[in-house]
Amino acid sequence: MIIDTETHVLYWSRRYETADNSSRVQHNTWHEHDAELLAAEMERASVDRTFLISYDAEDTKWGAENDGAQLEDFAGGRKYTLRQARLNPGRFYWFNTLKNPWRYDLLSFIDRDLADGAAGFKLFPAYVQATLNDEKWMAAFKAIADTGARLLVSFETLRPPRTSTLPEYLGQLSDVLDRIPDLQVALLHAGCADPLTSAGDAVVEFCERHPGIYLSNAMPGEVWDDAWHYPFPNLLARVGRLRDRLGADRLMWATDWPWFNHMSLYPQAVDCFREETSPLNAEELEAFFGGNALRFLGPDAKTI
């Protein structure tokens, strides 16, 4: 089984007409990417299921503004994603993005999402200026752990001192995991530190301290420097470095579709790891493509 551990459906995102750093070649800036299209891409790439992550304009406001966009430049979110997923049942594990508990009744939102079939939740700590081990976030994480749901964390768009640094966030999350050991966590973008540089050491050390942590590999380290040059040797090198340091049983395959489909066709994101240049052998690929995701999800996880 092949499971993509980071996908989204979007009506549009960061419209090319108004967002400073968007372009018409990025189809998601003007073209709807719905679940029917995602399912068709999965079919032609022989991908069985995905983690389908929803967020709305408010959830991604921080990242959008750092990229020259505004709230009006994004259309999508919880309702859109759920409606799309339900039109294509059995393909998607749904994750919804957590909102700021200092502004919303987050515990009631978690209950609502679980009742609607969520397998887990996503958190952008910088986007909501979170301090992960403060009282309200700890209460949310305990609720997630107690229900057996999973947590995806993406340390994207850090801008110290307006946000914490990555080592500071990892320290906060380490405290959370010490206090709530049943919380199951995966770091998106391989922890958002380039594994080919010394910046990646902090993520590796964090994972060594917490052996239950998984790393999802889309744009590892928040770096995409292969442009459209298949088979994406820099991506392969970063995944290879993580395999060497942590082992293949911590890594999960992901694409972040549709954000990079102007650079990489969906089947290429699978096939590049099957090339002769792949850092992973057949056994490691089986774990990377789906076995690790199934272990992370646990036996009770259900698709929408």
Side-chain angles (χ1 to χ4, degrees), residues 3-15 27-29 31-39 41-42 47 49-64 69 71-101 103-128 130 140 143-144 147 149-157 185-189 216 218-219 252 254-261 293 296-297 301-304:
I3 300 174
D4 187 341
T5 56
E6 188 177 4
T7 66
H8 317 277
V9 291
L10 307 167
Y11 191 72
W12 73 67
S13 62
R14 305 191 186 173
R15 292 177 67 92
H27 292 175
N28 54 288
T29 68
H31 184 290
E32 183 177 15
H33 284 67
D34 59 13
E36 184 178 5
L37 177 57
L38 175 54
E41 291 281 26
M42 293 165 63
V47 172
R49 298 175 185 172
T50 79
F51 291 14
L52 187 62
I53 304 168
S54 57
Y55 41 62
D56 60 33
E58 180 188 31
D59 296 329
T60 58
K61 179 173 181 287
W62 171 265
L71 286 172
E72 64 183 338
D73 294 311
F74 183 94
R78 179 186 189 277
K79 288 182 180 179
Y80 177 82
T81 300
L82 265 180
R83 183 170 62 251
Q84 289 292 318
R86 286 169 176 160
L87 293 173
N88 296 266
R91 307 300 296 270
F92 307 116
Y93 299 102
W94 175 49
F95 291 76
N96 193 29
T97 294
L98 295 170
K99 293 190 177 295
N100 189 334
R103 298 183 58 194
Y104 297 98
D105 183 358
L106 182 54
L107 295 181
S108 69
F109 283 12
I110 289 171
D111 288 342
R112 173 202 61 181
D113 291 343
L114 291 171
D116 280 336
F121 300 89
K122 178 176 181 177
L123 173 62
F124 295 100
Y127 289 27
V128 289
I144 291 169
T147 61
R150 276 27 183 178
L151 178 66
L152 310 176
V153 179
S154 188
F155 295 115
E156 295 176 48
T157 323
V185 177
L187 303 183
L188 301 186
H189 305 299
S216 180
M219 195 174 66
M252 303 190 300
T255 64
D256 204 5
W257 189 92
W259 288 98
F260 295 103
N261 64 357
F296 170 68
L297 288 165
K302 292 181 174 57
T303 58
I304 289 289

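No hydrogens, no waters, no symmetry mates; every other heavy atom, side chains included, goes into these values.
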**Message:** Using the side-chain hydrogen bond (donor to acceptor under 3.5 Å, both in side chains) criterion, which residues pair with R14? Sequence neighbours excluded.
**Reply:** D67

**Message:** Measuring only between side-chain heavy atoms, which start at C-beta, is Y80 closer than 4.5 Å to E32?
**Reply:** yes

**Request:** Not counting sequence neighbours, which residues clear side-chain contact (heavy atoms from CB on, under 4.5 Å) with A75? List them please.
**Result:** Y11, W12

**Item:** Residues which pass salt bridge (charged side-chain N to carboxylate O under 4.0 Å, His left out) with R86, listed by chain and number, not counting sequence neighbours
**Value:** D116

**Item:** Residue pair A140 / L107: nearest heavy atoms and the distance that separates them
**Value:** CA-CD2, 3.8 Å

**Fill in**
Applying salt bridge (charged side-chain N to carboxylate O under 4.0 Å, His left out) to K99 and not counting sequence neighbours gives D56, E58, D59

**Test item: Y93 and T303 side chains (from C-beta on) under 4.5 Å apart, heavy atoms** = yes

**Fill in**
Here the gap from F92 atom CZ to L82 atom CG, rounded to the nearest 0.5 Å, amounts to 12.0 Å

**Request:** Over all heavy atoms of both residues, which pair between A149 and L114 is shortest? Give the atoms and the distance, please.
**Result:** CB-CD2, 3.9 Å

**Message:** Could you walk me through whether V9 and L37 satisfy the side-chain contact (heavy atoms from CB on, under 4.5 Å) test, starting with their C-alpha distance in whole Å, then the side-chain angles of each, then the deciding distance to 0.1 Å, before giving a yes or no?
**Reply:** CA-CA 9 Å; V9 291; L37 177 57; over 6 Å; no

**Residue pair F260 / T255, side-chain heavy-atom distance below 4.5 Å** = no

**Item:** Side chains of R112 and N96 in contact at under 4.5 Å (non-hydrogen atoms)
**Value:** yes

**Asked** Partners of F296 by ring pair (Phe, Tyr, Trp, His ring centres under 6.0 Å), sequence neighbours excluded?
**Response** Y214

**Short side-chain to backbone donor-acceptor contact, R150 and L297, under 3.5 Å** = yes

**Asked** Sequence neighbours excluded, which residues qualify as side-chain hydrogen bond (donor to acceptor under 3.5 Å, both in side chains) partners of K61?
**Response** E65

**Request:** Locate the shortest heavy-atom distance separating D105 from S108; write the atom from each residue and the value.
**Result:** O-OG, 2.7 Å

**Asked** What residues, two or more places apart in sequence or in another chain, satisfy side-chain contact (heavy atoms from CB on, under 4.5 Å) together with A130?
**Response** P125, V128, L132, W137

**Message:** Which residues pass the side-chain contact (heavy atoms from CB on, under 4.5 Å) test with A218, not counting sequence neighbours?
**Reply:** E6, H189, A254, D256

**Asked** Which value, rounded to the nearest 0.5 Å, describes the distance between F109 atom CZ and Y104 atom OH?
**Response** 7.0 Å

**Request:** Quick one: closest heavy-atom pair of A39 and N88, and the distance?
**Result:** CB-OD1, 4.0 Å

**Prompt:** Hey, what do you get for CZ (R91) to OG1 (T7), rounding to the nearest 0.5 Å?
**Reply:** 11.0 Å

**Fill in**
Contacts of D34 meeting salt bridge (charged side-chain N to carboxylate O under 4.0 Å, His left out) (sequence neighbours excluded), chain-then-number -> none

**Message:** So L152 and T5, do their side chains get closer than 4.5 Å, heavy atoms only?
**Reply:** no

**Request:** For the residue pair L52 and L38, establish whether any side-chain heavy-atom pair is separated by less than 4.5 Å.
**Result:** yes

**Request:** Applying side-chain hydrogen bond (donor to acceptor under 3.5 Å, both in side chains), name anything that partners T157, two or more places apart in sequence or on another chain.
**Result:** Y127

**Message:** Going by side-chain contact (heavy atoms from CB on, under 4.5 Å), name the residues that satisfy it together with P258, two or more places apart in sequence or in a different chain.
**Reply:** H8, L10, N28, H33, N261

**CD-CE distance between E156 and M219, expressed to the nearest 0.5 angstrom** = 6.0 Å

**Fill in**
Distance col, row L188:CG vs F51:CZ, nearest 0.5 angstrom, shows 9.0 Å

**Asked** Excluding sequence neighbours, so at least two apart, what forms side-chain hydrogen bond (donor to acceptor under 3.5 Å, both in side chains) with W259?
**Response** Y55

**Message:** Between W94 and T81, do the side chains contain a donor N or O and an acceptor N or O under 3.5 Å apart?
**Reply:** no

**Fill in**
Heavy atoms of F74 and A57 approach each other most closely as CD2-N, 3.6 Å

**Prompt:** Distance from I144 atom CD1 to D113 atom CG, nearest 0.5 Å?
**Reply:** 9.5 Å

